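One-based numbering along the sequence shown. Keep in mind that what you see is a predicted model, and the values were worked out from it rather than measured. Reckoned from all heavy atoms, side chains included, excluding hydrogens, waters and symmetry mates.
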Amino acid sequence: MRKVIRAGDNECWCFVGVPDKKGYHVLGSVGGAGGVHIKAHRVAFFLANGRWPTPLTRHTCDNGSCQNPRHLVEGTHVENAVDAKERGLLPSVGLT
């Protein structure tokens with residue numbers, strides 16, 4: 001959390017650094033080249049909740065740099081896609 005600028009409790013806490021091509025910040029990887037990346041927002045969820053999110057962490061603020069635990073929720077790939085569709089972040093993906 002040393003690389004996070006903390007604003008107010010309900011504001012986005014932004015990670016300082018260069019994001020990956022999808023807009024997320026990576027702290028490292030497991031398994032060498034081509035391995036699984038450890039994303040900063042998943043670590044922020046872990047630090048706040050004492051467990052890893054399964055299978056993923058969703059941003060309620062739509063800000064991939066945000067590390068505020070209040071903006072991070074556990075969810076599924078389908079829930080994440082529905083969120084993106086409802087917020088107009090993705091074209092229609094055939095979800096009902």
Engineer: Does Lys39 form a side-chain contact (heavy atoms from CB on, under 4.5 Å) with Leu27? I'd like the steps, not just the answer.
Structural biologist: CA-CA 6 Å; Lys39 294 188 174 125; Leu27 299 178; over 6 Å; no
Engineer: Can Asn10 and Arg70 be said to form a side-chain contact (heavy atoms from CB on, under 4.5 Å), step by step?
Structural biologist: CA-CA 7 Å; Asn10 294 317; Arg70 291 186 171 129; 3.8 Å; yes
Engineer: Restricting to non-hydrogen atoms, name the atom on Gly64 and the atom on His25 that form the minimum distance, rounded to 0.1 Å.
Structural biologist: O-CD2, 4.4 Å
Engineer: Partners of Ile38 by side chain to side chain contact (heavy atoms under 4.5 Å, CB included), sequence neighbours excluded?
Structural biologist: Val30, Val43
Engineer: Gly8 and Trp13: which non-hydrogen atoms are nearest, and at how many Å?
Structural biologist: O-NE1, 3.1 Å
Engineer: How close do Gly28 and Val26 get, heavy atom to heavy atom, and via which atoms?
Structural biologist: O-CG1, 3.2 Å
Engineer: Please report the closest heavy-atom contact between Ser29 and His37, naming both atoms and the distance.
Structural biologist: CB-CD2, 3.6 Å
Engineer: Going by side-chain heavy atoms closer than 4.5 Å, which hydrophobic residues are tied to Val16, directly or by a chain of links?
Structural biologist: Ile5
Engineer: Would a distance-only check, ignoring hydrogens and angles, find a side-chain to backbone donor-acceptor pair under 3.5 Å from Asp20 to Lys22?
Structural biologist: yes
Engineer: Please answer whether the main-chain N or O of Phe15 pairs with a side-chain N or O of Ser65 as donor and acceptor at a distance below 3.5 Å.
Structural biologist: no
Engineer: May I ask you to decide if the ring planes of Trp52 and Phe46 are parallel, tilted or perpendicular, using 30° and 60° as cut-offs?
Structural biologist: parallel
Engineer: A side-chain contact here means heavy atoms from C-beta on lying under 4.5 Å apart; do Cys14 and Asn63 qualify?
Structural biologist: yes
Engineer: Name the one of Val73, Leu72, Asn80 that satisfies side-chain contact (heavy atoms from CB on, under 4.5 Å) with Thr57?
Structural biologist: Leu72
Engineer: I want to check something: taking the side chain as every heavy atom from C-beta on, are Glu11 and Asn68 in contact at a cut-off of under 4.5 Å?
Structural biologist: no
Engineer: Grab the two heavy atoms, one from Thr54 and one from Glu74, that are nearest each other, plus how far apart they are.
Structural biologist: N-OE2, 2.7 Å
Engineer: If the condition is salt bridge (charged side-chain N to carboxylate O under 4.0 Å, His left out), which residues does Arg58 pass it with, not counting sequence neighbours?
Structural biologist: Glu79, Asp83
Engineer: Passes side-chain contact (heavy atoms from CB on, under 4.5 Å), Cys66 versus His41? Steps please.
Structural biologist: CA-CA 7 Å; Cys66 183; His41 63 282; over 6 Å; no
Engineer: Stepwise, does the side-chain contact (heavy atoms from CB on, under 4.5 Å) test hold for Asp62 with Arg87?
Structural biologist: CA-CA 9 Å; Asp62 300 325; Arg87 295 175 185 154; 2.6 Å; yes
